[in-house]
There are 2 protein chains.
Amino acid sequence: MSVDALTIHEAAETTGWSPRMLRYVESMGLIQSKRSPAGYRLYGPEELQRLRTLRELLNAHDVGLAEMGFALRLRREPELAAAVDAWFEAKPKRPDDVPAADWLRFEQEKHQRLLEAALS
Amino acid sequence: MSVDALTIHEAAETTGWSPRMLRYVESMGLIQSKRSPAGYRLYGPEELQRLRTLRELLNAHDVGLAEMGFALRLRREPELAAAVDAWFEAKPKRPDDVPAADWLRFEQEKHQRLLEAALS
DNA sequence: CCAACCTTACCGCGATCGTGTCAAGGTTCC
DNA sequence: GGAACCTTGACACGATCGCGGTAAGGTTGG
């Protein structure tokens, strides 16, 4: 059982979640672990790290799991993401006042944010 | 009172929301109307259209107002958006297996989605 | 083989979401 | 000045969220 993977209780202790919550997080589709032949959840270093960073993210920004679940939907359902983007972008009265160049720049700034966050 | 702006009851009838919900939507920061000197809410064609498209968006994709509120937070708090982006992007075991070129392409596809949504 | 794990599936429970409704008071208009 | 609006604030209420617990049963290891 100790082949570089922790059981749910062990993973719970090192990550600060409860076993109950690890199953809940999995049910949201946020972090799923491998399974032993008998169906036991096995958490590798990868998942443990992700669980810790998720925890930090949540109480650093006062975000809930349901909200992260929605963020996940936004990445999995491009139609939804496009619809939401379009609705928020639909604020300027004349869309031609703010043509492609501007939101392109906005998106590039988003890339910049991503880069900065990734390099920390 | 009929200077191209509807009262909350009139706006409610033409948009399919209830007056109560219009105030609720406003409290989420999603759509705020102008106010008359006495503080009455006045909805112009702009807001009416936004209310209708919001309604369509919600029941087309089974999204709640709270989730749209979160989407709004993502646009208003770049730190939060960056943290969420970074967490989801942190899936590949070796980040160098999927270097800049790849998520750049992903982001460009996102732009494409946005464009398509905007042109409909 | 038995204690100590694990699994899924429930019940509960305070908090929030999405609504309606009602109260107490100000505004508009004829 | 009174009917018909509007305002904010509260109470209510079913549904979901975030979490703990328990039950019923399978797995593991000394």
Side-chain angles (χ1 to χ4, degrees), chain A residues 1-44 47-48 51-52 54-74 84, chain B residues 1-44 47-48 51-52 54-74 84:
Chain A
M1 185 185 283
S2 53
V3 279
D4 201 30
L6 304 188
T7 67
I8 198 171
H9 261 91
E10 297 165 336
E13 290 195 357
T14 63
T15 59
W17 296 91
S18 67
R20 174 72 169 81
M21 277 301 108
L22 291 186
R23 298 194 186 97
Y24 188 55
V25 167
E26 180 180 301
S27 79
M28 307 255 117
L30 292 174
I31 292 181
Q32 76 279 31
S33 68
K34 279 160 291 192
R35 296 296 188 110
S36 81
Y40 287 18
R41 270 165 264 254
L42 293 177
Y43 293 86
E47 287 79 27
L48 296 176
L51 283 168
R52 291 193 201 96
L54 177 59
R55 180 165 255 296
E56 288 167 21
L57 172 55
L58 294 199
N59 47 22
H61 294 90
D62 193 36
V63 170
L65 286 171
E67 286 157 299
M68 284 302 279
F70 180 64
L72 179 60
R73 279 193 68 191
L74 287 178
V84 172
Chain B
M1 185 186 281
S2 53
V3 278
D4 202 30
L6 304 188
T7 67
I8 196 170
H9 261 90
E10 296 165 335
E13 290 196 358
T14 63
T15 60
W17 297 93
S18 67
R20 174 69 169 83
M21 277 300 106
L22 291 186
R23 300 195 184 96
Y24 188 55
V25 167
E26 179 179 301
S27 79
M28 307 254 116
L30 292 174
I31 292 180
Q32 76 279 31
S33 69
K34 280 160 290 192
R35 297 296 189 110
S36 81
Y40 287 18
R41 269 166 264 255
L42 294 176
Y43 293 85
E47 288 79 27
L48 297 176
L51 283 168
R52 291 192 201 97
L54 177 58
R55 180 166 253 300
E56 288 167 22
L57 172 56
L58 295 200
N59 48 23
H61 295 90
D62 192 37
V63 170
L65 287 170
E67 285 157 300
M68 284 302 280
F70 180 64
L72 179 60
R73 278 193 68 191
L74 287 178
V84 172

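Letters A, B, ... are given to chains in the order of the sequence lines, protein chains preceding strands, and every chain is numbered from 1.
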With B for base contact, S for sugar-phosphate-only contact and - for none (protein heavy atoms under 4.0 Å), nucleotides 4-10 of chain C reads -BSBB--

(Q) Less than 4.0 angstrom from a charged side-chain N to a carboxylate O is my criterion; do B/Arg20 and B/Glu26 meet it? (A) no

In whole Å, I'd like the distance from the [atom1] atom of [X] to the [atom2] atom of [N].
X: B/Leu22; N: C/dT19; atom1: CG; atom2: C1'; answer: 13 Å
X: A/Phe70; N: C/dT16; atom1: CZ; atom2: C1'; answer: 17 Å
X: A/Met68; N: D/dG18; atom1: CE; atom2: C1'; answer: 16 Å
X: B/Glu67; N: D/dT16; atom1: CD; atom2: P; answer: 12 Å
X: A/Arg55; N: D/dC19; atom1: CZ; atom2: C1'; answer: 12 Å
X: A/Met28; N: D/dT16; atom1: CE; atom2: P; answer: 12 Å
X: B/Leu58; N: C/dC17; atom1: CG; atom2: P; answer: 15 Å

[X] side, atom [atom1]; [Y] side, atom [atom2] - distance, nearest 0.5 Å:
X: B/Met68; Y: B/Arg73; atom1: CE; atom2: CZ; value: 15.0 Å
X: A/Ile31; Y: A/Trp17; atom1: CD1; atom2: CH2; value: 7.5 Å
X: A/Asp4; Y: A/Leu42; atom1: CG; atom2: CG; value: 10.5 Å
X: A/Ser33; Y: A/Leu22; atom1: OG; atom2: CG; value: 8.5 Å

5'-most contact on DNA chain C (nearest-nucleotide basis), B/Leu65 vs B/Pro37, goes to B/Leu65

Under the 3.5 angstrom rule, does the side chain of [X] hit a backbone N or O of [Y] as a donor-acceptor pair?
X: A/Arg41; Y: A/Leu6; answer: no
X: A/Glu13; Y: A/Glu10; answer: no
X: A/Arg55; Y: A/Gly16; answer: yes

Would you indicate what A/Ser18 reaches in the nucleic acid, counting non-hydrogen atoms under 4.0 angstrom: base, sugar-phosphate, or nothing?
-> sugar-phosphate

> So B/Thr15 and B/Tyr43, side chain to side chain contact (heavy atoms under 4.5 Å, CB included) or not? Walk me through it.
Replying inline: CA-CA 11 Å; B/Thr15 60; B/Tyr43 293 85; over 6 Å; no

Return the polar atom pairs (N/O with N/O) between nucleotides 1-4 of chain D and the protein under 3.5 Å, or none.
none

